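Below is one structure, written out as structure tokens; comments come after it.
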Amino acid sequence: MGTKIFLNLAVKDLNKSIAFFTQLGFSFDPKFTNEKGTCLIIGENIFAMLLIEEFFKTFTQKEICNTTTSTEMIAAISVESRDKVDEIITAVIQAGGKLHNEAKDYGWMYQRDFFDLDGHHWEIFCMDESQIPQEG
């Protein structure tokens, strides 16, 4: 098995989170889904475990981040095109998420970001790595 990344995120209402990310076009791994959490499939080896807060607390002795006042992380996901970025952001708005900042276009990278239903910060971007400006 190759290296995989599993982000663990606390959610208040698992069913609402599943509905939200389903509207964005994501799917879930049924092997890792029950009443305590689900496994959001982001990419071939990238996943987010959406865990109800009570279950999430069993993995840490720290307090769960208050996402209304603090940012725990920014999960950035690359997609294949500007159109796909905008398509996902349109779905975010329709699903009840909140936009954060205006779209940013650097020429070689286009990005937009949002908060999900639990206030977790996500960024969707497309990038042409061959166009990244070289420093120096």
Side-chain angles (χ1 to χ4, degrees):
M1 176 174 101
T3 300
K4 295 183 179 190
I5 295 175
F6 289 84
L7 306 172
N8 292 276
L9 300 173
V11 299
K12 293 182 183 351
D13 186 316
L14 183 60
N15 291 328
K16 285 183 180 179
S17 291
I18 291 171
F20 176 81
F21 285 102
T22 298
Q23 280 188 260
L24 303 190
F26 291 98
S27 59
F28 303 87
D29 187 339
K31 294 185 308 237
F32 300 108
T33 299
N34 59 29
E35 69 282 351
K36 295 179 182 178
T38 189
C39 179
L40 172 69
I41 301 168
I42 298 171
E44 183 178 345
N45 292 311
I46 307 168
F47 310 90
M49 298 300 298
L50 306 179
L51 308 173
I52 61 169
E53 289 182 343
E54 296 77 24
F55 186 54
F56 184 92
K57 289 178 185 179
T58 67
F59 295 98
T60 183
Q61 295 178 9
K62 290 184 173 184
E63 293 295 317
I64 293 174
C65 178
N66 178 348
T67 57
T68 62
T69 59
S70 300
T71 298
E72 61 194 335
M73 68 168 187
I74 300 171
I77 301 172
S78 67
V79 295
E80 65 274 4
S81 69
R82 290 175 62 104
D83 288 342
K84 186 66 175 177
V85 170
D86 291 336
E87 175 185 320
I88 291 173
I89 293 300
T90 297
V92 164
I93 295 165
Q94 292 172 347
K98 295 180 182 169
L99 294 183
H100 179 259
N101 293 327
E102 295 296 319
K104 295 177 184 161
D105 188 345
Y106 301 100
W108 58 274
M109 182 171 71
Y110 176 70
Q111 71 184 54
R112 300 186 71 184
D113 54 328
F114 68 93
F115 297 113
D116 67 18
L117 300 180
D118 291 284
H120 302 295
H121 193 163
W122 297 83
E123 179 182 278
I124 306 295
F125 70 97
C126 66
M127 169 173 52
D128 181 349
E129 292 185 44
S130 70
Q131 299 298 314
I132 296 174
Q134 299 299 311
E135 292 191 33

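Note that this is a predicted model, so its numbers are computed, not measured.
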task = Return each pair, listed once, that meets ring-ring contact (aromatic ring centres under 6.0 Å, His included) where at least one residue sits in residues 22-53; pairs must be two or more places apart or across chains.
result = Phe6-Phe47
query = Can you pull the ring-ring contact (aromatic ring centres under 6.0 Å, His included) pairs that have at least one residue in residues 55-104, sequence neighbours excluded?
reply = Phe55-Phe59, His100-Phe115, His100-His121
Test log, rule side chain to side chain contact (heavy atoms under 4.5 Å, CB included), inputs Leu14 and Leu50 = CA-CA 7 Å; Leu14 183 60; Leu50 306 179; 4.3 Å; yes
Between [Y] and [X], is there a side-chain heavy-atom distance shorter than 4.5 Å?
X: Glu72; Y: Leu9; result: yes
X: Leu117; Y: Asp13; result: no
X: Asn45; Y: Thr3; result: no

request  = Establish, from distance only, whether the side-chain atoms of Thr67 and Asp118 form a donor-acceptor pair under 3.5 Å.
outcome  = no
How long is the gap from [atom1] on [X] to [atom2] on [Y], to the nearest 0.5 Å?
X: Asp113; Y: Leu99; atom1: CG; atom2: CG; value: 8.5 Å
X: Leu51; Y: Thr58; atom1: CG; atom2: OG1; value: 8.0 Å
X: Ile46; Y: Lys4; atom1: CD1; atom2: NZ; value: 11.5 Å
X: Asn8; Y: Cys39; atom1: CG; atom2: SG; value: 9.5 Å

request  = Provide the full list of salt bridge (Lys or Arg N to Asp or Glu O under 4.0 Å) pairs with a residue in residues 17-29, sequence neighbours left out, each pair given once.
outcome  = Asp29-Lys31
key: Pairs satisfying salt bridge (Lys or Arg N to Asp or Glu O under 4.0 Å), at least one member in residues 43-67, at least two apart   = Lys12-Glu53
query = Is Ile74 reachable from Trp122 through a run of I, L, V, M, F, W or Y residues, each pair having side-chain heavy atoms under 4.5 Å apart?
reply = no
remark   = So side-chain hydrogen bond (donor to acceptor under 3.5 Å, both in side chains) across residues 75-95, not counting sequence neighbours, yields Arg82-Asp105, Lys84-Glu87, Asp86-Tyr110, Asp86-Arg112
Under the side chain to side chain donor-acceptor pair (under 3.5 Å) rule, collect the residues that match up with [X], sequence neighbours excluded.
X: Asn34; answer: none
X: Asn15; answer: none
X: Thr33; answer: Thr38
X: Thr68; answer: Asn66

ask   = Got a sec, which hydrophobics cluster with Met127, joining ILVMFWY side chains under 4.5 Å apart, including via others?
value = Tyr106, Trp108, Met109, Phe125, Ile132
request  = Could you walk me through whether Val79 and Ile88 pass the side chain to side chain contact (heavy atoms under 4.5 Å, CB included) test, one step at a time?
outcome  = CA-CA 10 Å; Val79 295; Ile88 291 173; 3.9 Å; yes
ask   = So which heavy atom on Val92 is nearest to which on Phe20, and how close?
value = O-CE1, 3.9 Å
key: With Ala91 via side-chain contact (heavy atoms from CB on, under 4.5 Å) - residues at least two apart   = Leu24
